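Let me begin by presenting the structure, written as structure tokens, before commenting on it.
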Amino acid sequence: MHLNPYGEYATLLAASLADDWPADRAGIEARTRRFGMTMVFRAAPDDHERTRAVIDEWLRVVDAEDPADRAVLLNRMMAEAAAHPHLTDHDGEGWHLHYRDPDDALPYVLRAVIAVGTALHLATRGMHRLGRCAADPCTNVIVDITRNGRQRYCSVRCANRDAVRRHRARRA
């Protein structure tokens, strides 16, 4: 048996959804698969809208500047997604723990996984390891998984664009 670490991949999944919102429920489910979630989710007609609300709530965590405020928001998300852990072998890949009820709908599962994953990411790597890209006007989410903990840009492109902007400002 292994414990699901959630942390990094769940936080990166949330950032991916926030930065590139899928057009429909199938797109959300495809994205969850790309980030390692293999279970099948019970479908509901409002899954797309309710999942968007989860991501919007998570973005308030991203934008919270004070670590204590960030913790309050995350604790609220986790409390709303509380479920008892249980053992499962749903894919025949080995026994592991899930931190939600087996029949929960997609938005509820994502709330639990993203909230717990973000809390683990911040608690283990540092409360400053989540934010927005420093390159104006980009607003993409940064999930800092670097060794030194100083990631400021969402991509090399944004880092280069900002460096060129700063260089031209110095020369002017």
Side-chain angles (χ1 to χ4, degrees), residues 1-22 28-42 47-88 90-91 93-134 139-155:
M1 180 184 79
H2 64 277
L3 292 173
N4 285 345
Y6 291 111
E8 182 178 311
Y9 89 82
T11 311
L12 291 168
L13 166 62
S16 173
L17 290 170
D19 293 342
D20 183 21
W21 180 243
I28 297 169
E29 198 162 0
R31 192 81 52 86
T32 66
R33 303 251 183 280
R34 204 168 81 206
F35 282 85
M37 295 180 73
T38 59
M39 69 176 286
V40 175
F41 301 99
R42 179 175 51 86
D47 280 349
H48 191 254
E49 295 80 20
R50 287 179 49 219
T51 302
R52 182 68 234 188
V54 168
I55 296 303
D56 289 343
E57 183 178 6
W58 180 77
L59 284 171
R60 288 191 282 282
V61 173
V62 171
D63 293 332
E65 294 182 17
D66 179 58
D69 293 340
R70 189 170 268 178
V72 166
L73 293 168
L74 269 175
N75 284 335
R76 189 175 304 136
M77 282 186 80
M78 287 187 288
E80 292 173 11
H84 64 279
H86 69 276
L87 283 168
T88 183
H90 59 82
D91 292 328
E93 294 181 12
W95 291 98
H96 57 282
L97 280 174
H98 277 188
Y99 302 96
R100 58 184 152 53
D101 294 326
D103 295 324
D104 284 337
L106 177 64
Y108 192 84
V109 170
L110 289 181
R111 173 187 299 282
V113 169
I114 289 169
V116 170
T118 302
L120 287 170
H121 174 74
L122 296 175
T124 58
R125 292 184 183 242
M127 292 297 280
H128 68 284
R129 298 267 193 139
L130 189 62
R132 298 285 187 154
C133 184
T139 60
N140 283 349
V141 174
I142 301 295
V143 178
D144 187 351
I145 57 173
T146 63
R147 183 175 283 179
N148 68 5
R150 295 185 177 179
Q151 184 174 349
R152 295 181 53 222
Y153 302 99
C154 68
S155 64

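These figures come from a predicted structure and were not determined experimentally. Quick note: numbers below take in every heavy atom, side chains included, and nothing from hydrogens, waters or symmetry partners.
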Donor-acceptor pair, side chain of Q151 and main chain of Y153, under 3.5 angstrom: yes
Exercise: identify the closest heavy-atom pair between G117 and A10: CA-CB, 4.0 Å
Distance-minimising heavy-atom pair for L59 and R132: CD2-NH2, 3.6 Å
Distance, nearest 0.5 Å, that separates CG of L17 from CG of L12: 11.0 Å
Trace of the side chain to side chain contact (heavy atoms under 4.5 Å, CB included) decision for V143 with L130: CA-CA 5 Å; V143 178; L130 189 62; 3.9 Å; yes
Heavy-atom side-chain proximity of I28 to W21 below 4.5 angstrom: yes
Atom of P22, atom of H48 and distance for their closest heavy-atom approach: O-NE2, 2.9 Å
N75 side-chain N/O to A71 backbone N/O, donor-acceptor pair under 3.5 Å: yes
Interatomic distance, R111 atom CZ to M78 atom CE [nearest 0.5 angstrom]: 12.0 Å
Side chain H121, main chain I145, donor-acceptor under 3.5 Å: no
Test salt bridge (Lys or Arg N to Asp or Glu O under 4.0 Å) applied to D56 and R60, step by step: CA-CA 7 Å; D56 289 343; R60 288 191 282 282; over 6 Å; no
More than 12 heavy atoms from other groups under 6.0 Å of CZ on R150: no
Pairwise side-chain contact, T32 with F41, heavy-atom cut-off 4.5 Å (strictly under): yes
Check: R129 and T11 side chains under 4.5 Å, non-hydrogen atoms: no
Step-by-step side chain to side chain contact (heavy atoms under 4.5 Å, CB included) determination, M37 to V109: CA-CA 10 Å; M37 295 180 73; V109 170; 3.8 Å; yes
Where C133 and C154 come nearest, the two heavy atoms and their spacing: SG-N, 3.4 Å
Smallest separation among heavy atoms of D47 and P107, with atom names: OD1-CD, 3.3 Å
Atom pair CG/CZ of L106 and R42 - distance to nearest 0.5 Å: 10.5 Å
Atom pair CG/CD1 of L13 and I114 - distance to nearest 0.5 Å: 5.0 Å
Min side-chain heavy-atom separation W58-L110 under 4.5 Å: no
Donor-acceptor under 3.5 Å (R125 side chain, G149 main chain): no
Spacing of D144 atom CG and R152 atom CZ [to the nearest 0.5 Å]: 11.5 Å
Electrostatic pair E80:R76 at N-O distance under 4.0 angstrom: no
Flag, side chain of R70 to backbone of V62, donor-acceptor distance under 3.5 Å: yes
Which atom of F35 lies closest to which atom of Y9, heavy atoms considered: O-CD1, 2.8 Å
Distance, nearest 0.5 Å, that separates CD1 of I55 from CG of D19: 10.0 Å
